[in-house]
Novice: 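Just passing along the structure, written as structure tokens.
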Amino acid sequence: MSTKQYNRYTVTAALPYANGPKHIGHLAGAYIPADVYVRYLRLTGKDVIFVCGSDEHGTAIPNQALKENTTPKAIIDKYDALIRDCFDKLGMSFDIYHRTSETIHHQTSQEIFLSLYNKGLLTEEVSEQYFDAEAKVFLADRYIVGICPKCGHTNAFGDQCEKCGSTLSPRELINPRSTLSGKAPILKETKHWYLPLEKYEPWLRDWILKSHQQDWKPNVYGQCKSWIEAGLQPRAMTRDLDWGIKVPLPDAEGKVLYVWFDAPIGYISATRALFEETTSGKLKYATPRSNFSIAQKEDWKKYWQAEDTRLIHFIGKDNIVFHCIIFPVMLHATGEFIVPDNVPANEFMNLEGDKMSTSRGWSIEMHEYLADFPDKPDVLRYALLTNLPEAKDSEFTWKDFQAKNNNELVAILGNFVNRAVVLTQKYFEGVLPNRKALSEVDVKVLAELKQYPVLIGGSVEAFRFREATANLMDLARVGNKYLAETEPWKLAKSDMDRVGTILNIALQIAGTLAIVSEPFLPFTSRKLKEMLSVGEMNWNDAGNPDLLSAGTKLQEAPLLFEKIEDGVIDQQIKKLMDTKRAVELAQQPVEPAKAEISFDDFSRMDIRIGKILKAERVEKSKKLLKLQVDTGIDVRTVMSGIAEHFTPEDVLGKEVTILVNLASRKIMGVESQGMILMASDKDGSLKLLSPTNEVAPGAKVS
RNA sequence: GGCGCGGUAGCUCAGGUGGUUAGAGCGUUGGAUUCAUAACCCAAAGGUCGGGGGUUCAACUCCCCCCCGCGCUACCA
């Protein structure tokens, strides 16, 4: 943190993209740490707003709509509702969870765009882009496939070949075709507005490289440095698309703002909406956690424009460049907005040894977790918190989840609270006893108790949430240890004053646990407060030896956590495997159809059934088999690239489909006359195409 | 290829600005205990800190080289 004095906080969590459900990796990356941070700030009495919302523009939304055979609007409504509901059930304490499809967001985005435009800060450029004449849309790189110029892979994407890994641009692809229509795209001129990032390099160097070397996380700082040193370039802030925010210029028909231009502005719009809704009293998206009722509609500006506001973005590492370079440049360029003081981006959380991915079916989706464990939001919060990818990618396993629940939440925290409460009920009818003379152990434990809120708070303020969570659990350990050392159950026959003192202290510890657990385990915290018959308290109350007053009647003590049996965990692991398999099968890589041909085109091909008479390996070749094929017309030599899938013995005597009028070609010094046709499966394996019943060599295929 | 971030006990991970016997939780082993969801509490075993050089009185911590993992490489949200 800089030496600056801050009087309020604006905290954002990455806007989830509303093209599908979100998984626990997203939670670990941004939402959970953000929520812990904000809840802590509120408890310490800070002026803080916590904003988030659904990101509902970009090319992937209409694309998902095509996939689900519906409209973009239906897609965003569906996933916004799903994500919103999950966040609510997981205790995300947003002051507002907004949507970028809302009018106020369109206005805000257009205002900022125009502000930049009117200041002459955007440059116009005309370039040629691939256009799908049939779908009548310009194609994003990802939606163009073709032959990789480097390795010959036939399904390289316009931005990258997944086979050889090389970075491409669509223009490099050989025989490009649109994944939408399958047709060859045409080049068409189009005009766009660019933000000249390179002009802000000196400012970025000063702001990030100089001013934030100490306080930004190494992964974030390093990533920014890498970008800046590599040299920044103008970046297009508009797209040719009919889904999004219209470019507010006269000559911009069919153009929208780049989704990464409008998405982060969503934080600002959400803030505006928050104050509009709270001041008008009509709450639609806002769920204000602080008292904003005395606020003014224009107060949103304080949170985005006042120099004494501390702006913090919680994101995953995939968002670093947008939140540390592009968005700050946008904000800075307008001359009206503050830039983030910190961007504590997390790395990724892997799952059972592999990268989490919704599309590959290898993930734990929020809504599925909540469906399977409806009463356990805090268990997930805890399991994620203790293993956040703060410095490097981390790993979530179901076994670990179970262990964290059974060995820590149940055995340490739940057990301590249960012991203290049950003992009080047993010996004092559930009424909190008085504290009498203190022993050395008592004094020591009370001193220790006092330190924990400070310790935990320090870790949270430094964005070390794992450490903070571990400290929380350590406090429960202190409680267990205290009971083990003082053994009140043994003294119950001889010295009830002593027992009372011990239980008073044990319950004070439980009271502090109720407060300091709130940011991490809000649902548990609430239960604990009810159990101890205390209301809402703030962080300053934590550690106080007189937090709970003697004479307080405790409530019946339900167990805070319950054990999770092996069977439940095994079932989850099985479910994970099953989902992955199902997705793999469902996701037959449906390669788009090739460009249309005429019947004549087709009939020019002469395809026959032939019989393999001889097959042998080719020296120095991994892929080739040299085949002698009886085509009915003749016996000819065909070089076939199937050696990685078939041995010569496999194919000997087999009937195969062969293209006989393909121009002959020398391969590895041998004249190859024709081509054996194969079915290539999604995993890349090849299968021979043979007639189901034997036919005479030379039979025509048509 | 270039750049960035990582590679620390069986597992998951901590280890500002170099300095006594390298830490935590889980797991393992042993002990103690019975208030508690056979939980708690105590103790022990367990690491040549990816490999190799170098700087230094001293390096997990700084520099160089190599190996491995992840990410970025700029119209994938």
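A quick note: this is a predicted structure, and the numbers were derived from the prediction, not measured. Residue numbers begin at 1 in each chain, while the letters A, B, ... track the order of the sequences.
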Novice: Under 4.0 Å, counting only non-hydrogen atoms across every strand here, what does A:Lys225 touch: a base, just sugar-phosphate, or nothing?
Specialist: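 No contact at all - A:Lys225 keeps every heavy atom at 4.0 Å or more from the nucleic acid.
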Novice: Could you tell me whether A:Tyr482 contacts a base, only the sugar-phosphate backbone, or nothing, with contacts defined as non-hydrogen atoms closer than 4.0 Å?
Specialist: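 No contact.
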Novice: Measure the distance from NZ on A:Lys404 to P on B:C11 and round it to the nearest whole Å.
Specialist: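 To the nearest whole Å, that distance equals 15 Å.
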Novice: When you check the phosphate oxygens OP1 and OP2 of B:C70, does a side-chain N or O of A:Lys317 lie under 4.0 Å from one of them?
Specialist: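 False: A:Lys317 side-chain N/O out of range (4.0 Å or more) of B:C70 OP1/OP2.
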Novice: Looking at every strand, decide which applies to A:Glu390 at a 4.0 Å heavy-atom threshold: base, sugar-phosphate, or nothing.
Specialist: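 Touches nothing.
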Novice: Is there a Watson-Crick or G-U wobble partner for B:U17 with both distances under 3.5 Å, and which nucleotide is it?
Specialist: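 Paired with no nucleotide.
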Novice: Report which part of the nucleic acid A:Leu560 touches: base, sugar-phosphate, or nothing (heavy-atom distance under 4.0 Å, all strands).
Specialist: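 Since a base atom lies under 4.0 Å of A:Leu560, the category is base.
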Novice: May I ask you to say what A:Arg477 touches in the nucleic acid, namely base, sugar-phosphate or nothing, with a heavy-atom cut-off under 4.0 Å?
Specialist: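 Sugar-phosphate: the residue A:Arg477, judged by heavy atoms under 4.0 Å, touches backbone atoms but no base.
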Novice: Checking A:Ser363 against A:His23: is there a side-chain donor and acceptor pair closer than 3.5 Å?
Specialist: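 Per modelled atom types, A:His23 and A:Ser363 side chains form no pair under 3.5 Å.
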Novice: Tell me which one of A:Leu513, A:Thr386, A:Leu409 satisfies side chain to side chain contact (heavy atoms under 4.5 Å, CB included) with A:Met473.
Specialist: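 Exactly one candidate clears the test, A:Leu409.
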Novice: Given B:A39, is OP1 or OP2 found less than 4.0 Å from the side-chain N or O atoms of A:Lys563?
Specialist: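 Answer is yes, contact under 4.0 Å.
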Novice: Looking only at the aromatic ring of each residue, does the gap between the centers of A:Phe138 and A:Tyr130 stay below 6.0 angstrom?
Specialist: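 No, the ring of A:Tyr130 stays outside the 6.0 Å limit from the ring of A:Phe138, centre to centre.
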